[in-house]
A.B. asks: 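Attaching a single structure in structure tokens format; questions to follow.
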Amino acid sequence: MAFYSIAIDGPSGAGKSSMARTIAEKYGFIYVDTGAIYRTVGLAAHRRGISCSDEPAIAKLLPELKIEMKYDGSGEQRMYLDGEDVSSDIRLPEISICASDVSALPAVREFLLEMQRSMARTNNVIMDGRDIGTVVLPDADVKIFLTASSAARARRRLLQLMEKGINADFDKVLEEIEYRDNQDSSREVAPLRAADDAVLVDTSDIGIEETVALLSSIIEEKLKIGS
Ligand code: DC
């Protein structure tokens with residue numbers, strides 16, 4: 001039996017994960033957050049005091065790690081590292097940078113490729129990341145490249161942090177976003193870029209509802225399904 005796959009790529013803070021989560025719920029797909037897998041490798045390196053860009057040390061570490069992705073009763077993806085649920089720890093700001101660093105290493109990308117592909121072989125998936133439409137699922141049924149200006153993304157991130165009661169500075173948030181954009185787009189392996197057959201969606205000036213409606217119409221047209 002063939003399964004549908006939807007790829008959503010784009011820079012950090014463009015709204016990929018909230019969109020993918022909403023769309024997954026709407027159409028009964030599984031949402032695979034691939035950034036969380038890179039974050040788990042970053043956390044493992046960080047905890048062992050290994051520099052996140054030390055390729056030989058990280059390549060040696062990879063086979064020792066037990067990384068698992070599980071879905072809880074409400075369909076939320078949880079990440080486990082050596083049996084421990086690390087879903088919250090991987091969201092720390094220092095781990096964001098570390099995830100971006102380790103994701104530039106070919107050994108890491110190769111190690112995680114099969115884990116991502118196997119999800120799409122056995123489920124209807126909506127997968128978000130940086131190279132889903134270009135490398136992980138080049139034959140995805142729908143490919144969307146979701147983007148927004150770095151200022152718009154920093155404003156949203158700041159709001160999210162404030163909602164969690166975390167005080168942050170706009171310039172610092174913007175700086176972190178631009179650092180990761182630059183690093184994720186300029187690396188040699190699987191850089192962040194839109195697949196040639198991806199539909200480009202810029203969310204700088206549109207809200208969540210409008211973006212969901214736009215993505216739904218793209219998906220329904222490509223998959224010939226209704227909501
Ligand atoms: O989506 P995110 O911000 O949680 O991802 C964390 C880092 O992982 C991001 O800076 C780039 C990297 N990443 C990647 O290289 N390829 C993916 N498919 C997903 C994430």
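Both ligands and their constituent atoms are indexed starting at 1 by order of listing.
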A.B. asks: What residue pairs, at least two apart or across chains, pass side chain to side chain donor-acceptor pair (under 3.5 Å) with a residue in residues 203-212?
C.D. replies: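 Qualifying pairs: Arg156-Thr203, Asp202-Ser204.
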
A.B. asks: In the hydrophobic cluster built from side-chain contacts under 4.5 Å, what are the other members alongside Val189?
C.D. replies: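 None, because no other hydrophobic side chain comes under 4.5 Å of this residue.
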
A.B. asks: Heavy-atom cut-off of under 4.0 Å around ligand 1: list whichever protein residues fall inside it, by chain and number.
C.D. replies: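 Within 4.0 Å of ligand 1, protein side: Thr34, Gly35, Tyr38, Arg39, Arg91, Ala99, Ser100, Ser103, Arg109, Gly129, Arg130, Asp131, Ile132, Arg180, Asp184, Arg187.
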
A.B. asks: Heavy atoms, side chains only, cut-off 4.5 Å: are Arg157 and Gln160 in contact?
C.D. replies: yes

A.B. asks: Is the shortest side-chain N to carboxylate O distance from Arg121 to Glu114 below 4.0 Å?
C.D. replies: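 Counted as a salt bridge, because a side-chain N and a carboxylate O are separated by less than 4.0 Å.
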
A.B. asks: Should Asp141 and Ile6 be marked as a side chain to side chain contact (heavy atoms under 4.5 Å, CB included) after you check the CA-CA gap, both sets of side-chain angles, and the distance that decides it?
C.D. replies: CA-CA 6 Å; Asp141 301 289; Ile6 303 171; 5.9 Å; no

A.B. asks: Got a sec, which pairs hit disulfide (SG to SG under 2.5 Å) with one end in residues 66-116, sequence neighbours left out?
C.D. replies: Cys52-Cys98

